Amino acid sequence: MEWRDVFFIHWPVDPAVVEPTLPDSLAVDTFDDRAWLGIVGFRMADIRPRFAPLGRSFRELNLRTYVRHDGDPGVYFYTLDADDRLGVAIARRLFALPYYRAAMTVRDRGGETRFRSERRHSGAPPATFDATIDPRGERESVEPGTLEAFLVERYRFFTERRGSIAVGEIDHEPWPLQDADVTIRDNTLFEASGFETAGEDPHVRYSPGIDVTAGWVRDA
């Protein structure tokens, strides 16, 4: 698959805020003694099994944090909203991830991107997001040991499946990132997942995207 036009918006929080929300076998992963809650939006393109000639494409917006399982670092998703009914159904079934249907619109103007999402999944807490992302500066590779590396260079995710922890692994080249400004008009993703709205200014980065290969979910 391809992940294109990606924005990463992260807020530092006390690890004690995140810890009670995780499954028992997952531990909070921290950078400089802070846990991080992130909103990541992008376009998933050409999603298909290897060697298949055609793939699907849709927008996604997820709320996530960072964890460890038996010492292995990974991502834990609270929600993943997507504007594709079939894609949501497949992802929920095959990857055991909390995907929800949403209506999304994306408009590009003068280098800025306005990304809007409204969750419309039956039985799920409502959630909206409306922000404009404005990339700036030079694009650079992520340096090991930096906050950027901690936040984006993650090659596995953990999820609950049938009462136990499962893991999915991905493979891709290191992220190319650049600074970005963000104007957030509306964001209820935090409240929908039981968090208070973050008070600090967020850490924001943008990437034009990467190609990604993902494996099947298996027991951790």
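These values consider heavy atoms only, across backbone and side chains, with no hydrogens, waters or symmetry-generated copies. Computed from a predicted structure; not experimentally measured.
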* Apply side-chain contact (heavy atoms from CB on, under 4.5 Å) to V18 and L37, showing your working. => CA-CA 8 Å; V18 172; L37 290 174; 4.2 Å; yes
Do [X] and [Y] belong to the same hydrophobic cluster, where Ile, Leu, Val, Met, Phe, Trp and Tyr are linked whenever their side-chain heavy atoms lie under 4.5 Å apart, directly or via other members?
{"X": "V106", "Y": "I39", "result": "yes"}
{"X": "V217", "Y": "M1", "result": "yes"}
{"X": "F58", "Y": "L61", "result": "no"}
{"X": "V6", "Y": "I9", "result": "no"}

Answer yes or no: is there an ion pair linking [X] with [Y], defined by an N-O contact shorter than 4.0 Å?
{"X": "E112", "Y": "R107", "value": "no"}
{"X": "D14", "Y": "R34", "value": "no"}
{"X": "R116", "Y": "E118", "value": "no"}
{"X": "D84", "Y": "R59", "value": "no"}
{"X": "R119", "Y": "D81", "value": "yes"}

Assess the pair [X] and [Y]: is the distance between their ring centroids shorter than 6.0 Å?
{"X": "Y66", "Y": "W36", "result": "no"}
{"X": "Y78", "Y": "F195", "result": "yes"}
{"X": "F7", "Y": "F115", "result": "yes"}

Which atom pair, heavy atoms only, marks the closest approach of [X] to [Y]?
{"X": "R4", "Y": "F42", "value": "O-CB, 3.5 Å"}
{"X": "P73", "Y": "R68", "value": "CD-NH1, 3.6 Å"}
{"X": "A220", "Y": "V167", "value": "CA-CG1, 4.0 Å"}
{"X": "T188", "Y": "D186", "value": "CG2-OD1, 3.9 Å"}
{"X": "A35", "Y": "T30", "value": "N-CG2, 4.1 Å"}
{"X": "A149", "Y": "P144", "value": "CB-CA, 4.2 Å"}

* Mind running side-chain contact (heavy atoms from CB on, under 4.5 Å) on L97 and N62 for me, showing each step along the way? => CA-CA 11 Å; L97 288 169; N62 63 65; over 6 Å; no
* To do: Check whether any side-chain heavy atom of H203 lies under 4.5 Å from a side-chain heavy atom of E148, and answer yes or no.
  => yes
* **F150 six-ring centre to R154 NZ/CZ under 6.0 Å and within 45° of normal** => yes
* Asked: Stepwise, does the salt bridge (charged side-chain N to carboxylate O under 4.0 Å, His left out) test hold for R43 with E2?
  -> CA-CA 8 Å; R43 176 171 56 90; E2 302 171 5; 5.4 Å; no
* Give the intermediate values and the outcome of side-chain contact (heavy atoms from CB on, under 4.5 Å) for residues R156 and V75. => CA-CA 6 Å; R156 64 180 60 84; V75 175; over 6 Å; no
* Asked: Does a donor on one side chain and an acceptor on the other come within less than 3.5 Å for T79 and Y100?
  -> no
* Asked: Taking atom types as modelled and ignoring hydrogens, do the side chains of D108 and T113 form a donor-acceptor contact shorter than 3.5 angstrom?
  -> yes
* side-chain contact (heavy atoms from CB on, under 4.5 Å) evaluation trace for F77 with L63 -> CA-CA 6 Å; F77 295 103; L63 175 64; over 6 Å; no
* To do: Classify the angle between the aromatic ring planes of W175 and H172 as parallel (below 30°), tilted (30 to 60°) or perpendicular (above 60°).
  => perpendicular
* W11 vs F190 aromatic rings, parallel, tilted or perpendicular, using cut-offs 30° and 60°? -> perpendicular
* Roughly how far, to the nearest 0.5 Å, is CG of D211 from CH2 of W3? -> 11.0 Å
* Hey, mind stepping through R161 and D219 against salt bridge (charged side-chain N to carboxylate O under 4.0 Å, His left out) and telling me if it holds? -> CA-CA 8 Å; R161 182 176 65 173; D219 291 337; 3.0 Å; yes
